[in-house]
Protein chains: 2
Amino acid sequence: MIKRNPKTHQSNLQDAIKATAWQQIAEYGAPALSLRAIARELNITAPAIYNYFADRDALVTALVIDAYTSFGDSQLASLETVAVDDHANRLKAIGLAYRAWAHRYTQRYLLIFSTPIPGYAPSIDQIGPSSARSIRPLFSVVEAMRVAGRLNDAAYRPIQPAYEAHFEQWRAYFDQVHPLTHFVAMTIWSRVHGFVSLEINGHFPPFGENGDGLYLSEIDAIQRQFLHKVS
Amino acid sequence: MIKRNPKTHQSNLQDAIKATAWQQIAEYGAPALSLRAIARELNITAPAIYNYFADRDALVTALVIDAYTSFGDSQLASLETVAVDDHANRLKAIGLAYRAWAHRYTQRYLLIFSTPIPGYAPSIDQIGPSSARSIRPLFSVVEAMRVAGRLNDAAYRPIQPAYEAHFEQWRAYFDQVHPLTHFVAMTIWSRVHGFVSLEINGHFPPFGENGDGLYLSEIDAIQRQFLHKVS
DNA sequence: AGTGTTAATATACACCGTTTACTAAAAAAT
DNA sequence: ATTTTTTAGTAAACGGTGTATATTAACACT
């Protein structure tokens, strides 16, 4: 008959579990995530967590959704101070925000884009919405370029018929955006992601948090390739 | 006094451990790698593995080096059938080989570029050589372009002085290649990697193993941006 | 007061990497 | 040829993990 720690009596234990998980992920990295460690920190027993999350994967899924939300917020916020018709600077702002967020919240970034939790595979049904939301700001920037007639489609290659079905199904999360917009946005995303991914995972030299020439030149290249001059 | 299974008496148990590890990684994924499972498969006990690898991380490091070697072989082989002065097609060949290898050996790809083993962090000293070797073919293609005067340096931005030291140290693995070559090669690598990484990790729709428009257009863009026309 | 539900516990199981102590066989040394 | 040393395995155990089961304490509602 052990008297439970008052900590466990806080209004929402579910949130406390997630908060502790984030704290431990930030401190020891996502792979070290442990239900038992979380329970210890909260002065409860490990099985108690199962009252709030079906299993470890359910907790991780909740964390992934949180990470996507944080990422989406950052993407959205980066556009607030840039005029909606200043396409060049909107591309630049959202591109820099991508990298800055990854550096600021490395563990969240890895949780989304790497697979640091052994045996965990996210279900598209659950994370789809928050994932789509996080990418939508980039899509909106590109779509604005297209609507303004400033989207360069020289590189556009239609999706091969064989993959059209898959593509269409996957695109359901993106409000049936214009194919050209989708094409360009995914290309931009893949470039920005490629740089940041290699950097975060230690395959590039450690540039630090500040912008550097290589990344800025990639943003330049994106602007030059996809943004028409005003005609 | 148990008579050991003949399997354990094969000439090189170290290689057998690695082979079994690869087999289980291919079947169940890298995160499920387990020394005990390997030992079971080989009819030995788990601690016996410690005669051949200092600990789990040492085994993983050996696997990572193998993966880099396989990747480097693939990169090298892709250039064999293309004339050394056919820069456009060398870029294309090596780019397609990158993606094809990642699809063919997904688990090896993830082992290198993701961090699927909990708690494992590769030491640059040990994997540096095989890692550098795997990237060198790309560097050689770009360097050949530069020497032939066909490398477009319009986007080049010198490394910021603050990072020059780090950069130089890291570059020691790459035979002091020309800075411009290094700059362009890293950019190309990051683009190709970005696409494949998103694809392999399920953030892009499943295009399958065959080439598709989006990836080919990225290779096009790389050619157009960095390869001068013959002057 | 009694009943049903909720949320925690205690216990247990099967797995993991790793350490220690021990042993049998092979190799080396005398 | 005998003794010693090294090698390469085993057995047992420690502390860790996620999770299932059964049980118990506290609460809300009739």
Side-chain angles (χ1 to χ4, degrees), chain A residues 1-18 20-21 24-25 27-64 111 115-123, chain B residues 1-18 20-21 24-25 27-64 111 115-123:
Chain A
M1 163 77 188
I2 292 167
K3 191 155 192 186
R4 269 186 273 109
N5 187 299
K7 219 179 203 176
T8 69
H9 282 157
Q10 63 188 222
S11 56
N12 198 330
L13 191 49
Q14 173 148 4
D15 286 348
I17 291 167
K18 285 207 302 186
T20 305
Q24 300 197 351
I25 284 177
E27 194 158 357
Y28 307 108
L33 185 70
S34 155
L35 296 186
R36 297 183 108 112
I38 294 170
R40 269 194 303 273
E41 177 71 22
L42 292 172
N43 281 97
I44 59 176
T45 58
I49 295 179
Y50 286 76
N51 287 320
Y52 301 94
F53 297 95
D55 51 18
R56 191 202 54 161
D57 283 11
L59 170 58
V60 174
T61 295
L63 297 176
V64 168
L111 199 58
T115 52
I117 308 283
Y120 173 76
S123 86
Chain B
M1 163 78 186
I2 291 169
K3 191 156 191 184
R4 272 185 271 109
N5 188 300
K7 220 179 202 175
T8 67
H9 282 158
Q10 62 189 223
S11 56
N12 198 332
L13 192 47
Q14 175 149 1
D15 285 348
I17 291 168
K18 286 206 302 185
T20 306
Q24 300 197 351
I25 283 177
E27 192 157 359
Y28 308 109
L33 186 69
S34 155
L35 296 186
R36 296 182 108 115
I38 293 170
R40 271 193 301 273
E41 178 71 23
L42 291 173
N43 283 95
I44 58 176
T45 59
I49 295 179
Y50 287 76
N51 288 321
Y52 302 95
F53 298 95
D55 51 18
R56 190 203 53 161
D57 283 11
L59 170 58
V60 174
T61 295
L63 297 176
V64 168
L111 199 58
T115 52
I117 309 282
Y120 173 76
S123 85

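Naming convention: chains lettered A, B, ... in sequence-line order (proteins, then strands); numbering from 1 in each chain.
Rounding to whole angstrom units, CG of residue A:Leu33 and C1' of D:dT19 are separated by 15 Å. For B:Asn43 and D:dA11, the CG to C1' distance is 16 Å, given to the nearest whole Å. Per the geometry, CD1 belonging to B:Ile44 stands 12 Å off P belonging to D:dA11, to the nearest Å. Following rounding to the nearest Å, A:Ile38 (CD1) and D:dT17 (C1') show an atom-to-atom distance of 12 Å. If you measure from atom CG of B:Leu42 to atom P of D:dA8, you get 16 Å, rounded to the nearest angstrom. Regarding B:Leu13, its CG atom lies at a distance of 16 Å from the P atom of C:dA26, rounded to whole Å. Rounded to an integer number of Å, the gap from A:Asn12 CG to C:dA7 P is 11 Å. For the pair A:Leu59 CG and D:dG18 C1', the computed distance is 12 Å after rounding to whole Å.
Expressed to the nearest 0.5 Å, how far CD1 of B:Ile117 lies from CG of B:Leu63 amounts to 8.0 Å. Rounding to the nearest 0.5 Å gives a distance of 7.5 Å between CD1 of A:Ile25 and CD1 of A:Ile38.
On a pure distance criterion of 3.5 Å, a polar donor-acceptor pair joins the side chain of A:Arg36 and the base of D:dG18.
When heavy atoms are screened at a 4.0 angstrom cut-off, A:Arg56 is found touching the sugar-phosphate backbone but no base atom.
Under 4.0 angstrom from either OP1 or OP2 of C:dG17 there lies at least one side-chain N or O belonging to B:Ser34. An OP1 or OP2 oxygen of D:dG16 is reached within less than 4.0 angstrom by no side-chain nitrogen or oxygen of A:Arg40.
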Show me the donor-acceptor pairs within less than 3.5 Å that the side chains of residues 27-35 of chain A make with the rest of the protein, sequence neighbours left out.
{"unit_1": "A:Ser34", "atom_1": "OG", "unit_2": "A:Arg36", "atom_2": "N", "d": "3.3"}
{"unit_1": "A:Ser34", "atom_1": "OG", "unit_2": "A:Ala37", "atom_2": "N", "d": "3.0"}

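By the side chain to side chain contact (heavy atoms under 4.5 Å, CB included) test, A:Asp55 is found to be paired with A:Tyr50, A:Asp57, A:Ala58, residues two or more places apart in sequence or in another chain being considered. Legend: residues meeting side chain to side chain contact (heavy atoms under 4.5 Å, CB included) with A:Thr45, ordered by chain and number and at least two apart, are A:Pro47, A:Ala48.
Screening B:Leu59, B:Val60, B:Leu111 against B:Tyr120 for a side-chain contact (heavy atoms from CB on, under 4.5 Å) leaves a single residue, B:Val60.
Of all heavy-atom pairs between B:Gly119 and B:Arg56, the closest is C-NH2, 4.2 Å.
Within residues 45-53 of chain B, the residues approached by DNA chain D to less than 4.0 Å at the level of any non-hydrogen atom are B:Thr45, B:Pro47, B:Ala48, B:Asn51, B:Tyr52, in residue-number order.
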